[in-house]
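Input: a single structure, listed below in structure tokens.
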Amino acid sequence: MRNVSDIIEQYLKHTLQLSQDNVIEIQRSDLADRFECVPSQINYVISTRFTVEKGFLVESKRGGGGYIRIQKVDLPLKEAIHVHIFRTISTQIDQSGAEGLIYQLEDGELITCREANLLKAAISRDVLAFKLPLRDEIRAKLLKAMLIALLSK
């Protein structure tokens, strides 16, 4: 059985897909009432599953009449994807940033689920058993090389 966080995430993603401009505005309390959870659960889902690395922009306005605006940001066109990768990765990337980029590429159907799993395994801190910042530098070089190879099909 899926947990509440998974259900909230799927609901928000489905709502985003239905929106014409890839933007939704929600009230934290309304969503908490809908899923019978506390508002902090909504905050948790949004802060961990709707990040820039995963292709989302989140804007929040607190107070009476406050809202949370979530916008899905599409990946650049395929011919610009190499530039996007180099900008995102730079000379270092931590594991969560790398996994976010991989998620974004998989979600945009530029890589398969299997390719995503292989990439995540290769850039894991368990595999790259070096001290920081060397680990993040090696991860960046490795991830760039693998993604360029995969996306140059």
Side-chain angles (χ1 to χ4, degrees), residues 2-17 19 21-26 28 31 35 37-62 66-153:
R2 297 183 329 168
N3 65 36
V4 175
S5 294
D6 293 338
I7 294 167
I8 294 167
E9 176 187 12
Q10 290 308 311
Y11 170 79
L12 291 172
K13 284 183 176 178
H14 179 71
T15 305
L16 269 166
Q17 284 178 339
S19 85
D21 53 359
N22 282 336
V23 177
I24 58 172
E25 285 187 10
I26 57 168
R28 190 181 346 260
L31 208 53
F35 292 102
C37 65
V38 294
S40 62
Q41 181 78 33
I42 305 302
N43 291 343
Y44 169 78
V45 171
I46 291 170
S47 66
T48 59
R49 301 184 186 198
F50 292 87
T51 63
V52 171
E53 295 89 358
K54 293 182 180 179
F56 298 95
L57 294 177
V58 177
E59 177 185 337
S60 180
K61 181 181 176 225
R62 297 193 181 271
Y67 61 86
I68 298 173
R69 179 180 295 136
I70 303 172
Q71 178 179 1
K72 173 77 170 139
V73 179
D74 292 323
L75 282 171
L77 297 174
K78 193 147 185 166
E79 58 268 8
I81 196 68
H82 292 167
V83 173
H84 177 71
I85 289 169
F86 279 90
R87 279 192 191 139
T88 303
I89 297 174
S90 187
T91 59
Q92 294 182 18
I93 191 166
D94 63 19
Q95 185 165 341
S96 67
E99 288 176 351
L101 177 60
I102 293 166
Y103 171 86
Q104 190 179 15
L105 294 168
E106 181 183 7
D107 193 51
E109 298 180 355
L110 292 169
I111 61 174
T112 66
C113 177
R114 183 172 186 226
E115 291 166 341
N117 287 336
L118 286 169
L119 289 168
K120 285 187 251 180
I123 56 100
S124 164
R125 69 178 56 92
D126 296 331
V127 171
L128 301 174
F130 302 101
K131 293 190 183 295
L132 291 173
L134 181 61
R135 178 173 57 218
D136 290 349
E137 292 169 8
I138 292 171
R139 180 182 292 116
K141 289 179 181 184
L142 186 61
L143 186 57
K144 278 185 208 176
M146 291 187 298
L147 287 176
I148 296 302
L150 280 173
L151 297 172
S152 295
K153 308 175 198 180

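In this text, all values refer to a predicted model and were calculated from it rather than measured experimentally.
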Point to revise | Smallest separation among heavy atoms of Leu142 and Ala122, with atom names | key: CD2-O, 3.7 Å
Check your understanding: Which pair of non-hydrogen atoms, one from Ser90 and one from Lys144, has the smallest distance, and what is that distance?
Key -> O-NZ, 2.6 Å
Practice item. Taking the side chain as every heavy atom from C-beta outward, state whether Lys72 and Phe56 have any atom pair closer than 4.5 Å. Key: yes
**Study point:** Ser124 (side chain) donor-acceptor with Lys120 (main chain) under 3.5 angstrom
**Key:** no
Exercise for review: Please tell me if the side chains of Ile46 and Leu12 come closer than 4.5 Å, counting only heavy atoms from C-beta onward.
Suggested key: yes
Review point. What distance do Ile111 atom CD1 and Leu101 atom CG have between them, rounded to the nearest 0.5 Å?
Key: 8.0 Å
Check your understanding: Can you tell me how far CD1 of Ile42 sits from CD1 of Ile8, rounded to the nearest 0.5 angstrom?
Key -> 3.5 Å
Check your understanding: Is the number of heavy atoms from other residues, nucleotides or ligands within 6.0 Å of OH (Tyr44) greater than 12?
Key -> no
Review point. Does Tyr67 offer a backbone N or O that forms a donor-acceptor pair with the side chain of Glu25 under 3.5 Å?
Key: no
Exercise for review: Say whether, by atom type as modelled, one donor and one acceptor occur between the side chain of Ser19 and the main chain of Leu16 under 3.5 angstrom.
Suggested key: yes
Review point. Between atom CD1 of Ile102 and atom CE of Met146, what is the distance when rounded to the nearest 0.5 Å?
Key: 7.0 Å
Point to revise | Non-hydrogen atoms of Gln95 and Arg125 that approach each other most closely | key: OE1-N, 2.9 Å
Point to revise | Check: Glu106 and Leu119 side chains under 4.5 Å, non-hydrogen atoms | key: no
Study note, to complete from the structure: Shortest non-hydrogen pair, Val4 vs Cys37, comes out as CG1-CB, 4.3 Å
Exercise for review: Using distance alone, with no hydrogens and no angle criterion, decide if Glu137 and Thr91 have a side-chain donor and acceptor under 3.5 Å apart.
Suggested key: no
Practice item. Could you tell me whether the side chain of Ile89 reaches within less than 4.5 Å of the side chain of Leu147, counting heavy atoms only? Key: yes
Point to revise | Closest contact, heavy atoms only, Ser60 versus Ile68 | key: OG-CG1, 4.1 Å
Study note, to complete from the structure: In short, Ile123 meets Leu128 closest at the heavy-atom pair O-CD1, 3.7 Å
Review point. How many angstroms lie between CG in Asp136 and NZ in Lys141, if you round to the nearest 0.5 Å?
Key: 13.0 Å
Point to revise | Asn3 side, atom CG; Gln41 side, atom CD - distance, nearest 0.5 Å | key: 7.5 Å
Exercise for review: For residues Thr15 and Tyr11, determine if any side-chain heavy atom of one lies less than 4.5 Å from a side-chain heavy atom of the other.
Suggested key: yes
